[in-house]
Each structure stands twice: as C-alpha cells, then as structure tokens.
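Below, chain A is the first sequence line, B the second, and so on; all start at residue 1.
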2 protein chains.
Amino acid sequence: MSEIARKSGGRRQRRDSEELRAALLAAASEVFLEEGFQSASIEAVIEKVGGSKRAIYSHFGGKKELFLALVTDASSKIIDSLPRSDEVSGDFGWTLKTFGMEVSRVLMMPTTLALYRAVIAESARQPDVAETFFLNGPGRVAKRLAEVLNQFEASGVISIADCQRAAERFLGMLRDDVHLRVVLGLQPPPSENELEQSVDQAIEIFLRGIETRGS
Amino acid sequence: MSEIARKSGGRRQRRDSEELRAALLAAASEVFLEEGFQSASIEAVIEKVGGSKRAIYSHFGGKKELFLALVTDASSKIIDSLPRSDEVSGDFGWTLKTFGMEVSRVLMMPTTLALYRAVIAESARQPDVAETFFLNGPGRVAKRLAEVLNQFEASGVISIADCQRAAERFLGMLRDDVHLRVVLGLQPPPSENELEQSVDQAIEIFLRGIETRGS
DNA sequence: ATCTTAAGGTACTGTGCGTTACCTATCCAT
DNA sequence: ATGGATAGGTAACGCACAGTACCTTAAGAT
C-alpha cells in the first residue's frame, strides 16, 4: 500500500527531498570538516541550509548518521579522481610518478586533510565511520597501486614478494612527516613543485634504494 | 615577602603539591587519552584522584592547559625510550633494524596511538598542542635517524642527497596503512613477529629498492 | 598564639546543544 | 473533494559540564 503510494506518488516529493538531502550533506560537509564532529553543531548545519533541525532527523536519523553519510560520500568522491589501473601505460617510472603525484595532491587537499582529522578523532567512538573511511579511501588507493605493481611484476620490470605491502610502503613514503605536519596545521600544504620533488625522491628510493651500489 | 615565605616555608607544601600535580597528570592521561580531549571531563579526572576540580584550576589553569601539560609529558616520555645516535654500532643494516623495531613498537603502543588520535583531533583548535607533540615526538625521531644516516653517509656506506628527507621516508614506510588501520581501530596492533617482518621489508626496499637489477 | 597566604573543597551558575513532542502543510489515492 | 500519510517547522526539555564565588583548612612567620 504505502509501496504503491510511494512508487507513483512519491516522485515529486522524492525529488525535492533528495535536493534537500544533498543540500544538507553539503552543508554538513562544510561544518563537520571545519569544526570536527563533536564541535560541529546541527544548528550550524541548518543555518546554512535554512529549514529546521527536523529535516536532519527525518533524513538521516541523528548527528552520527549524518556524519557517516558525509564520510561515505566524501571519501568516495576523493578517490574517484585517481587514475585507474587499466589506464596504465608501458613505462613504470612514469606510471609511478603519475600515481604518486595524484595521490600527493589528494592527500594535501583541504577537504582530505579535514576528513582525515575528523575521522581519526571519532574513530574510537564510531568504528563504522572509521571503516567506511578506510575502505573507501586509503584502502582503495593501496589496492589500485597493488594491481599496478602486480602488472609490472608479471612483466619482470620489478621484483616484489608482496605487492600489496609494497604498495602500502610507497604510499607510506608519500604520507610522511611533511604530511603529518600539514595535518597538524604546522605548515601549509607544499606547492606543486615541492610535491614533485618529494614524489621524485620517494620513487628514487622505492626503485633503487639508498645503499651504495657496487658494494 | 611571599618569595621568602615560599623559599623556606613552601618546602613541605610544595612536595605535597607536586605529588598531587603528578597524580592529576596521571589521571588526566588515562581519561584524556581514552576519551579524547573534548569528551573527557574534568570531573572524571577528579574522580580518579579524589579531591575537587579546584585542584586542576589552581595547578594548571584549565582544561586546555591540563591537556597541553599531558601532551608535553607523554610525548617526551615516549621518545626517551628510543636509541640515541651516539649508541650506533658499525653495521648499517643492524642499526636500521634496531631503530626501526624500536620505532615500530612505540608507534603501536596503546598510549602512543591514543595520543596520536587525541592530538590530531585537537590540532586545529590548539596549535600549541600540535606543535609540542610534533617537536617532542615524531620530529625528534626523524632528527635522530637523520643523524644516524649522516654518519653512514660520511663513511660511504650509503648515498643520499638529503638525509633528513630520507629519514622521514623510512619512518613514513613504518607508519604505513597497517599503522593507519590500527590508529582507526580496525585491527589490533601487530605481533612482535609481524612487526619484524614489516621492518625487514621496509629496510629491504629502503636499501635496495624494488627494481630488477641488471636492467 | 595570631596573622597571612595559598591550597583544597562545596555548591552553584550558565550555557550550549542534541533530541523529541506536537503541530502544520503538502500531495497522492479514491 | 476528502482522507491519510509523510515531510517539515516550532518550541521546549534535559543534561552534561566547564568554570567560579565563597568558604575552610593548614602551614609558616613573628
């Protein structure tokens, strides 16, 4: 009954509803990422959208659920901009650089940084948020890079026992102390130029190491 | 006058006072690191120590100052357990492994993890906390490792342009996705065995890279 | 003994905010 | 038209908790 009612009749309502939902999510994104989950107030979100708090409770259920929706949304969007493993060219160095640069840029985006802070802050209280973030975000990045490494492993360009772990190493090098300082707000994000130098150095180490050859 | 009074007379008072201060700090450590700064309540800290909130306000000034004192204390203590650059033996691989293992263990300690979460959560609102943490913690670790690398660079074992950055790379590899998953509470800290495998792999890459030699 | 100084304790205040109870308007089905 | 359901709005509740005003106790100085 309500099924039928919804199916045909719900159409117009649902459209408005979804617009509102999107608007709420966008506003929540601004507020939560700027202030963090706990400091952020539902009221501030509503102020940006207009309307009343009730909207949030009917659409999402509560503050926590709104946050989870936001994290799901944001972490997926961020990753979508990364190159896919099936768009990989022949040259390994070039591939690694493209991938590294793209990841570095994403890591230093204000939205990403804020999301990172907010999620870590809440991870103990909201494990589902932490899991959603990781699976949609860093987890997928590592997986993609691992696939790329696998391809090059197969063709003999490189030799790695565990591509997954190696990928995580490379990404770890990109998420280094500079990243931590930026996350902590101790320095501004690096310029494109600095990013490039950083990626180049990481690649150099990743490919050839630092030991003196011929020893 | 009050100077004189303090100088001789304050002795007994001051001793009790410092005991109390230490007890407050210890209790604050438990509460703040478990709950995070915002969720932690002054009252919970007092409950552990006995006494009244007044003690915190006279000793520290307020909730924020208490947190800063805690972070200063905790981040220094953690680092003190790390090997110093002047205790370095002749073998580079061994040195790197010792250093790597010690850092990995520290990174995975519950206290360290909680501190990391709490500081990141508050970094935007309390920049001084972020700075204190970084300078006493990760910053000092990287510096120590950089000194070690410098020594081996000088003796030609390795070849690095920028030891500071290289040290940060190595540490970045240790603070990889596994660390992030543990920080987020998605998996328990690795066993000593897993830690060792992880460090070994990081060292292998750091020293020799993954590219097929002879190409 | 008494005065002074400061730490420690009690109890209150004020506020911010998530949540909910209740009401109103809209829109489809018949 | 009309009934019924649902989204959206208004206003109030209730609670947790940082901070504080005021009092009490203790310790050293004279």
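- The CD1-C1' distance, from B:I56 to D:dC17, rounds to 12 Å in whole Å.
- Distance CD1 (A:I46) to P (C:dG16): 19 Å, rounded to an integer number of Å.
- Here D:dT20 presents its P atom at 15 Å from NZ of B:K63, a figure rounded to the nearest Å.
- Note: CD (B:E47) to P (D:dA16) measures 13 Å, nearest angstrom.
- Using modelled atom types, one side-chain atom of A:K63 and one backbone atom of A:F37 make a donor-acceptor pair closer than 3.5 Å.
- When each of A:H59 and A:E43 is assigned the nucleotide of DNA chain D bearing its nearest heavy atom, the one mapping closer to the 5' terminus is A:H59.
- As a whole-Å value, the separation of B:Q38 CD from D:dA16 P is 17 Å.
- Here the P atom of nucleotide D:dG19 and the CZ atom of B:F67 are 14 Å apart, to the nearest Å.
- Distance A:F60 CZ to D:dA7 P: 13 Å, rounded to the nearest Å.
- Distance alone, capped at 3.5 Å, places no donor-acceptor pair between the A:S29 side chain and the A:L25 backbone.
- Proximity note for A:K53 (side chain, C-beta onward) versus D:dA18, D:dG8, D:dA12: the nearest is D:dA12.
- Distances were taken from every side-chain heavy atom of B:Y57 (C-beta onward) to each of C:dT19, D:dG8, D:dT20; the shortest belongs to D:dT20.
- B:A44 comes within contact range of no nucleotide atom at all, as no heavy-atom separation falls under 4.0 Å.
- For A:S52, the side-chain atoms get nearest to D:dG9 when compared with the rest of C:dG8, D:dT20, D:dG9.
- Under the 4.0 Å criterion applied to side-chain N and carboxylate O atoms, B:K64 and B:E122 are not assigned as salt-bridge partners.
- Between B:F206 and B:F170, the two ring planes are tilted [angle within 30° to 60°].
- Salt bridge status for A:E102 with A:R105: present, with a side-chain N to carboxylate O gap under 4.0 Å.
- Toward the 5′ end of DNA chain D lies the nearest nucleotide of B:K64, the other residue of the pair B:R54 and B:K64 mapping further downstream.
- Atom pair B:F37:CZ and D:dC17:P shows a separation of 13 Å (rounding to whole Å applied).
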